[in-house]
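First the structure, in the form of structure tokens, and then the observations on it.
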Amino acid sequence: TTQEHTHTFDIATTAYLPAESVSFPAMRSLTLLAGGDALLVTTPSARGSTQVARLASEAHSVDQLGEYDFYPFDGEPCAQSVTPLITGDMLAIFAQGLEGRGESLGAVAVGVDPPSVAPVSGLDGLSAGHSATTLADGTLLLVGGAEPARVFDPRTGAVESVAALAAPRVDHSATRLADGAVLVAGGGRDGAELFEPATQSFTAVDLDILPRSRHASVLASDGRVWLMGGCDGCPFEAVDVRSGLVDQIPAPAVGPAKATPLMDGRILVASRLIVGGPTALLVLDPASGIVTEMEMEVLPTPAASLTLLPSGRVLAVTEAGKLWLVDVVARRARQVGSVEAPFCPRGGRTLDGGVLMVGAHPNVAFFSLWREISPPDPSWRPVLSPDSGEVTVGDTIMLRGSNLLGLSETTDHPSSGRSNHPVAVFMPFDGFPTLGGMRDWSATTASYRSGRPRGVGPGTLYTMVAGQVAG
């Protein structure tokens, strides 16, 4: 609009949604790019240079993978765990009733490509509140209750019973360490046990750990295991298994918690701050031990799962079946959909970065695949200038005159290879060196080595492919 504001028109609801204001001259063009992004280009004026901004969409896709009928069971199945397998399939283990606290209903393997849904034999009778942990060899360790743990090999379908815990645990955590062992902690008991894959046995370890339940656990980059939530007002704990040290960090979390590691090494935690209140999002820095509450919209209901996406954002599935996209860097979260069948919703990341969504109606479980297909920055941002120094995937760079090819700022004659019009360069790859003049570019772009580049003028678009100008 000429008032220098932008609006989004929602085709589904036929409504205009306010977006960010953007300060550009009144004359401009707006182009829809592949994937739903928009590119805004202003026209050069006597007192200013051409400006370009890009608005990345929040596009995602949802594919239905299938459903599974638990007949003759007459009730509501609930997925207790959703785990990726080394085969590329996902394993969902079900039990009866709210939160899966009833009798075990067995397991279902869900194929992503091609879509498939099939029962898995040998995994019925698992305890409510069990854990599922992928071991270093690709097998799956299933632990819970007083019965022996099981090891499932998804490549062969074999299920082997191994040792039982020294003391029964449910709603505990089972975290694989860097050396391949698995730390089992919480479950209403203090202390912990360590599972050694080589001997397929559990050993009690002397660790002063609080008796948590339905808490979150994450292995940090320094090798410590962080235990978060699962009790009212108790601190977060950083557990160093090999040294036996446990550090406690004050934290405001109350009750059950979910967590996921972020790409920068920090940890995102979803937990209530007061009993019965909304779910807040906390960011833990393992290096400093500082816990920060994100100043953003809170989730109205507890999180059923948190899944890190390839873009660095996090998809939160709430217990009400709503999907929230959380951007920790931009400090914002917004609802992006809902699970098809809202009873006992869960989410789990597939090996290729998608999210398997699991929900249920009476007797039937439904499976769908949610994928993020948009760039990670859903806001207007100016393109990089020659002096900004860093280019990333998908950036569009507008360069003027002498900043590229030694072109004159005053001569406007395309056939001479000189122009005061900008040249757009789209960089679809990482690692391009710092931008600069012709001398800086000549070592990596063969087409710029000649003294008089041909065809450089208004409207010329160059695409850099593997360090060469494709034209």
Side-chain angles (χ1 to χ4, degrees), residues 81 83-84 131-137 141 143 165-167 169 171-199 201-271 280-294 303 305-308 312 314 328 349:
S81 60
T83 312
S131 61
T133 308
T134 302
L135 301 178
D137 62 358
L141 175 67
V143 181
L165 292 166
R169 296 175 187 263
D171 294 326
H172 54 276
S173 62
T175 311
R176 195 180 90 191
L177 307 179
D179 61 4
V182 177
L183 178 69
V184 180
R189 294 181 178 275
D190 55 8
E193 295 186 44
L194 200 64
F195 177 78
E196 296 288 356
T199 60
S201 61
F202 292 92
T203 304
V205 288
D206 186 16
L207 294 169
D208 188 15
I209 297 177
L210 296 173
R212 304 171 184 271
S213 180
R214 299 180 65 191
H215 57 284
S217 68
V218 171
L219 177 67
S221 58
D222 61 4
R224 295 185 297 173
V225 176
W226 282 86
L227 305 177
M228 299 153 287
C231 46
D232 293 344
C234 61
F236 290 176
E237 293 176 307
V239 181
D240 188 328
V241 176
R242 300 311 177 188
S243 70
L245 297 177
V246 178
D247 294 326
Q248 295 186 342
I249 305 298
V254 171
K258 300 294 181 182
T260 180
L262 301 174
M263 288 185 173
D264 60 4
R266 294 182 297 168
I267 298 171
L268 179 66
V269 185
S271 176
L281 296 172
L282 310 173
V283 177
L284 165 66
D285 184 352
S288 64
I290 296 176
V291 179
T292 306
E293 182 181 354
M294 294 185 63
S305 62
L306 296 179
T307 306
L308 180 66
V314 174
V328 176
R349 176 167 168 159

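Rounding to the nearest 0.5 angstrom, the gap separating the CE atom in M228 from the CD atom in E237 is 11.0 Å. Atoms CG and CG, on D240 and D222 in that order, are 8.0 Å from each other to the nearest 0.5 Å. The distance from the NE2 atom of H215 to the OG atom of S271 is 12.5 Å, given to the nearest 0.5 Å. Separation of atoms CZ (R214) and NE2 (H172) is listed at 14.0 Å; rounding is to 0.5 Å. To the nearest 0.5 angstrom, T203 atom OG1 is 6.5 Å from E196 atom CD. Atom CG of D285 sits about 8.0 Å away from atom OG1 of T292, to the nearest 0.5 Å.
Summarising the geometry of I209 relative to D190, their closest heavy-atom pair is O-CB, 3.1 Å, with the distance given to 0.1 Å. Scanning all heavy atoms of the two residues, the minimum distance from R224 to P286 falls at NH2-O, 3.1 Å. In terms of heavy-atom proximity, A216 sits nearest to K258 at CB-C, 3.8 Å. For the pair E193 and F202, the tightest heavy-atom approach, listed with the atom from each and the gap, is OE1-CB, 3.5 Å. Contact between V328 and M294 at its shortest, heavy atoms only, is CA-CE, 3.6 Å. Counting all heavy atoms, side chain and backbone alike, P235 lies closest to L210 at CD-CD1, 3.8 Å.
Looking only at side-chain heavy atoms (C-beta outward), L183 and L219 stay at 4.5 Å or farther from each other. Side-chain contact between R212 and C234: present, with at least one pair of heavy atoms (C-beta onward) separated by less than 4.5 Å. You'll find the side chain of V225 reaches within 4.5 Å of the side chain of L177, heavy atoms only. At least one side-chain heavy atom of V239 sits less than 4.5 Å from a side-chain heavy atom of L227. At a threshold of 4.5 Å between non-hydrogen side-chain atoms, the residues R349 and T260 do not count as touching. By the 4.5 Å heavy-atom criterion applied to side chains, D171 and P256 are not counted as neighbours. W226 is listed as a side-chain neighbour of L284, based on a closest heavy-atom distance under 4.5 Å.
For the pair D232 (side chain) and G255 (backbone), a donor-acceptor distance under 3.5 Å is present. R242 places no side-chain N or O within donor-acceptor distance of the main-chain N or O of G223, the cut-off being under 3.5 Å. Of the possible donor and acceptor atoms, one in the side chain of R169 sits under 3.5 Å from a partner among the backbone N and O of G186. Judged purely by atom type and a 3.5 angstrom limit, S81 has no side-chain atom pairing as donor or acceptor with the backbone of A132. When atom types are taken as modelled, the side chain of R176 and the backbone of L135 share a donor-acceptor pair closer than 3.5 angstrom.
Counted within 6.0 Å of CG on D208, heavy atoms from surrounding residues, nucleotides or ligands total 12 or fewer; the atom is thus considered open.
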Could you go through the side chain to side chain contact (heavy atoms under 4.5 Å, CB included) check for I267 and F236 one step at a time?
-> CA-CA 12 Å; I267 298 171; F236 290 176; over 6 Å; no
Determine, stepwise, if the pair V218 / V269 fulfils side chain to side chain contact (heavy atoms under 4.5 Å, CB included).
-> CA-CA 10 Å; V218 171; V269 185; over 6 Å; no
Apply side chain to side chain contact (heavy atoms under 4.5 Å, CB included) to V143 and L165, showing your working.
-> CA-CA 8 Å; V143 181; L165 292 166; 3.5 Å; yes
